[in-house]
Amino acid sequence: MSRQFDRLREGYQYCRSVTDFRPQVGLVLGSGLGNYARNMDVVCEIPYNEIPGFPISTVEGHDGRFLFGHIGGVPAVVMKGRVHFYEGYTMEEVVMPVRLMKILGIETLFLTNAAGGINRSFQAGDFMMLTDHISSFVPSPLVGENVEEFGTRFPDMTHIYDEELQRLIRDTAREEQIEVKEGVYLQTSGPNFESPAEIRMFATLGADAVGMSTACEAMAARHAGIKVCAISCISNMACGITGAELSHVEVQETADRRAGEFERLVTSVISRLAKHE
Ligand code: HPA
């Protein structure tokens with residue numbers, strides 16, 4: 001058994017000692033979605049700091065815990081707060097929660113985040129569904145001993161974001177009359193925002209939005225055979241595009257302003273998963 005799997009097994013056993021809830025979907029809440037619990041009936045909560053071997057987030061306002069419950073009738077586990085590479089964890093640690101959710105039973109992972117808009121047709125407050133990503137600027141979460149229990153050493157990444165789920169998001173957005181843009185997300189290490197020259201480079205490379213999470217989690221999930229979808233809230237235009245200086249306060253404010261609509265979109269997509277499968 002791999003060392004990583006062994007560590008995860010301890011976390012799994014702890015979670016199972018608290019609840020026998022079997023989630024079908026995992027949802028990772030990005031900035032602004034901290035109050036998402038109001039959209040679900042929570043049956044159990046497990047703070048990350050109670051889980052043996054688990055990384056604990058240090059970012060202000062990220063109070064880390066798993067919430068178990070139903071979203072529109074679909075059994076789900078929600079990550080309120082995630083850990084980021086810029087906090088000093090290894091990528092392997094950053095994706096531990098995703099892997100634990102796999103062992104707990106999820107088949108689908110829904111990732112959300114706040115991101116800077118690079119595509120000039122975007123504006124702050126837009127939503128962007130990820131169609132693909134660029135993760136070459138951060139280490140792969142799959143570096144190190146392969147966790148054979150999850151998947152192969154050299155996993156294919158042709159369809160990171162599941163085509164069917166993308167269709168479901170498009171259809172849901174149309175029916176709910178919520179505009180959702182589409183594009184390629186690029187992950188940086190953070191914690192600093194980018195320079196104008198970096199954003200010009202990322203635009204040239206084909207990125208539509210930039211952020212400090214998500215791609216690594218999507219890759220770990222794909223490695224483990226989980227179907228993945230992701231939506232960004234464009235909380236600001238990326239550095240150099242409007243000339244304005246960037247701040248975490250602006251990111252938080254836009255994400256908070258769009259939270260209600262974002263919650264409605266996410267909840268509606270997840271509710272349809274039951275009918276979909
Ligand atoms: N850059 C990187 N990460 C981000 C940004 C940004 O402009 N906005 C929100 N997360």
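The structure displayed is predicted, hence computed values, not measured ones. Counting starts at 1 for both ligands and their atoms, in listed order.
- Checked against salt bridge (charged side-chain N to carboxylate O under 4.0 Å, His left out), Arg200 has no partners two or more places apart in sequence or in another chain.
- Ionic pairing of Arg3 and Asp6 is not present here: no N-O contact between side-chain nitrogen and carboxylate oxygen is shorter than 4.0 angstrom.
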Ring pair (Phe, Tyr, Trp, His ring centres under 6.0 Å) assessment of Phe54 paired with Tyr14
CA-CA 11 Å; Phe54 228 57; Tyr14 177 74; 9.9 Å; no

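- Using modelled atom types, one finds no donor on one side chain facing an acceptor on the other under 3.5 Å when comparing Tyr86 with Thr188.
- Of the listed residues (Glu182, Glu175, Glu176), just one forms a salt bridge (charged side-chain N to carboxylate O under 4.0 Å, His left out) with Arg170, and that residue is Glu182.
- The aromatic ring centroids of Phe5 and Phe150 lie less than 6.0 Å from each other.
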May I have every N or O pair linking ligand 1 to the protein at under 3.5 Å, one per line with atom names and distance?
unit_1: ligand 1; atom_1: 1 (N); unit_2: Glu194; atom_2: OE1; d: 2.9
unit_1: ligand 1; atom_1: 1 (N); unit_2: Glu194; atom_2: OE2; d: 3.3
unit_1: ligand 1; atom_1: 7 (O); unit_2: Asn236; atom_2: ND2; d: 2.9
unit_1: ligand 1; atom_1: 8 (N); unit_2: Gly116; atom_2: N; d: 3.3
unit_1: ligand 1; atom_1: 8 (N); unit_2: Asn236; atom_2: OD1; d: 2.7
unit_1: ligand 1; atom_1: 10 (N); unit_2: Ala114; atom_2: O; d: 3.4

